[in-house]
Amino acid sequence: MGRDVPALTFTREDRRRYRTKMQDCLDALAQMLRESRFEAERPQVGLEIELNLVDGRAEPAMRNTDVLEAIADPAWDTELGRFNLEINIAPRGLTAGGPDAWESEIRAALNHAEQRARSVGAHLIMTGVLPTLRQEDVGEGALSENPRYRLLNDQIFAARGEDLRIEVTGADRLRTYADTITPEAACTSTQFHLQVSPEQFAGYWNAAQAIAGVQVALAANSPFLFGKELWHETRVPLFEQATDTRPQEIKAQGVRPRVWFGERWITSVFDLFEENLRYFPALLPLCDEQDPADTLARGDVPELGELTLHNGTIYRWNRPVYAVARDKPHVRVENRVLPAGPTVADTLANGAFYYGLTRALVEEERPVWSRMSFSAAEDNLRAGARHGIDARLYWPGMGEVPVAELVLRRLLPLAHRGLERSGMDEAWREPLLGIIEQRCVTGRNGAVWQKEMFHHIDATAHCGRHEALRRMTQQYIDYMHLNAPVHTWPVE
């Protein structure tokens, strides 16, 4: 969904032609898989971080166009809301230059962007949901200027036929309606990419699904939305509801949601792209001129434009990606479950845990997905999002256990093993996975700190709910720039 699209309306002929082109793309993908045409020699990892823009008082700043002009770097792009930006960190080998090199690159890019944002009166913050965001901040005027967002908004509401209902219950209860998709802009995430061979894809996707609940529980960082204290990772239910094309009657018929965990373990990357065509009507039926069959017959690599555009409007928590780089096609897993922040140090620790653990699980003699139901993995995601680091999750051989116990006893050793097999030596592994370990030992992640700091300010300053959230957010930004892992942040 990152590609630009024109502002237009669609005809029935557009949709018929698009359906045909998507099937042509799927057939071409099947042929490429049979003929082993994919890049697999230089597997790489990648990273996208979505950020919020705030003003000097830590309130939302609707300035992404101005900030992008000031940054003037193609690695940065707009997101759905005018208070959002996204940075794409260049792909790299997992151990190329070591974690220190990757951290330095990311921090340098973020620091430069912060400096340029300040020149137009804005600041950057990495968090799953901006705590100072009010419901009036996400009206129609908050949509970014790029026509693709307006078009996506119009198509979702045309499919739905009624306003969006958003309902989340935690310590407080939120019940509201929205007449645009801009509440989705409140959800800012970290997305880890992992390029794998097509033969390995199913194993890595299944492993990523199996640990999604653990990831979210450990890294939860979204406890507040529109002034209310909700789930530890409120971003999960909000994202599901804010992009839902289904009215209540269609839900009752069992139609799949576009924000989707899935419904089964897979045996091939083809399974996911085939499901996309089988279950989901096109939101943006835009055809390009390339004929994928003719392109393959010439010995060239097809872009599969219709297939990839459609895939970008189906928001799986672990999404398949097909792309062409250096004239060679590749596939990768896009891990989308994690919120942004709180710091670069926390982000890289989350990445090390994910990359190491998935590799170890893929290489186990009896894969975890052969011993665990798919519904149990989805239940874990719900529990991890609702309860955060206090969640109890199911794991084969252990039953339902506190997530901290599961990670310390079973999953951290596996993550170490996976990173070691990837070529990351102990001097690099220990600091990164040590952050995950200390989160478990202390029981503190971003969501816990936000909740504790908010209640501390509210109890001592008696300044009102929004003002307490604003002061907490300002303190959050200060600690974020220090880059000390969130489990070390004081509440004072």
Side-chain angles (χ1 to χ4, degrees), residues 33 36 38 40 43-45 94 192-219 260-275 316-322 330-338 350-384 391-424 429 433 436:
L33 290 169
S36 301
F38 287 84
Q44 295 187 309
V45 299
L94 179 59
F192 290 110
H193 290 251
L194 177 61
Q195 179 188 329
V196 295
S197 69
E199 294 76 19
Q200 294 177 307
F201 183 94
Y204 274 96
W205 188 85
N206 289 341
Q209 293 284 97
I211 67 169
V214 178
Q215 286 183 275
V216 169
L218 290 176
W260 199 33
F261 187 77
E263 61 190 13
R264 62 189 174 112
W265 306 117
I266 65 169
T267 59
S268 168
V269 64
F270 185 85
D271 295 349
L272 301 180
F273 286 108
E274 191 271 335
E275 282 181 349
R316 297 177 186 270
W317 291 111
N318 285 290
R319 184 156 65 185
V321 176
Y322 167 91
H330 68 263
V331 291
R332 60 183 190 264
V333 180
E334 181 187 14
N335 178 247
R336 303 166 49 83
V337 299
L338 292 180
N350 294 337
F353 182 72
Y354 167 70
Y355 291 129
L357 182 55
T358 51
R359 172 155 186 172
L361 292 175
V362 165
E363 294 180 353
E364 281 191 316
E365 187 172 337
R366 287 190 61 206
V368 63
W369 54 92
S370 70
R371 299 177 284 125
M372 179 182 189
S373 71
F374 196 85
S375 61
E378 184 171 14
D379 290 345
N380 279 352
L381 177 62
R382 295 266 165 266
R392 295 179 62 87
L393 306 182
Y394 171 80
W395 196 259
M398 297 183 73
E400 187 176 286
V401 293
V403 67
E405 179 183 344
L406 169 62
V407 172
L408 292 173
R409 285 179 51 194
R410 182 69 59 87
L411 303 186
L412 261 182
L414 287 175
H416 274 283
R417 184 189 309 165
L419 291 179
E420 183 178 20
R421 290 177 177 173
S422 298
M424 186 177 291
R429 298 194 313 267
L433 295 182
I436 302 297

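Because the structure is a prediction, the values reported are computed rather than measured.
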If you define the side chain from C-beta out and look only at heavy atoms, does anything of [X] sit under 4.5 Å from [Y]?
X: Leu411; Y: Phe353; result: yes
X: Ile266; Y: Gln209; result: no
X: Ser36; Y: Glu199; result: yes
X: Ile436; Y: Leu218; result: yes
X: Asn380; Y: Val214; result: no
X: Gln200; Y: Val362; result: no

Set of salt bridge (charged side-chain N to carboxylate O under 4.0 Å, His left out) partners for [X], sequence neighbours left out:
X: Arg417; value: none
X: Glu263; value: Arg256
X: Arg429; value: none

Ignoring hydrogens and angles, tell me if any N or O in the side chain of [X] forms a donor-acceptor pair with the backbone of [Y] under 3.5 Å.
X: Asn350; Y: Gln215; value: no
X: Arg316; Y: Leu272; value: yes
X: Trp265; Y: Trp369; value: yes

On a heavy-atom basis, which atom in [X] and which in [Y] lie closest, and how many Å separate them?
X: Ser268; Y: Ala202; answer: N-CB, 3.7 Å
X: Phe38; Y: Leu33; answer: CE1-CD2, 3.6 Å
X: Pro396; Y: Met372; answer: CG-CB, 3.7 Å
X: Trp205; Y: Arg264; answer: CZ3-O, 3.6 Å
X: Trp260; Y: Glu275; answer: CZ3-OE1, 3.5 Å
X: Ser422; Y: Leu94; answer: CB-CD2, 3.8 Å

Qualifying residues under ring pair (Phe, Tyr, Trp, His ring centres under 6.0 Å), relative to Trp317, sequence neighbours excluded: Phe239
By ring pair (Phe, Tyr, Trp, His ring centres under 6.0 Å) - contacts of Phe270 (at least two apart): none
Whether Tyr354 and Phe192 hold their rings parallel, tilted or perpendicular, with breakpoints at 30° and 60°: parallel
Atom [atom1] of [X] and atom [atom2] of [Y]: how far apart are they, to the nearest 0.5 Å?
X: Ile211; Y: Asn335; atom1: CD1; atom2: CG; result: 7.0 Å
X: His193; Y: Arg336; atom1: NE2; atom2: CZ; result: 8.0 Å
X: Leu393; Y: Glu405; atom1: CG; atom2: CD; result: 11.5 Å
X: Trp395; Y: Glu400; atom1: CH2; atom2: CD; result: 14.5 Å
X: Thr267; Y: Phe201; atom1: OG1; atom2: CZ; result: 11.5 Å

Verdict with reasoning, Leu433 to Leu419, per side chain to side chain contact (heavy atoms under 4.5 Å, CB included): CA-CA 10 Å; Leu433 295 182; Leu419 291 179; 3.9 Å; yes
Pair listing, salt bridge (Lys or Arg N to Asp or Glu O under 4.0 Å) test, anchored in residues 351-365, at least two apart: Arg359-Glu363, Glu363-Arg421, Glu364-Arg371
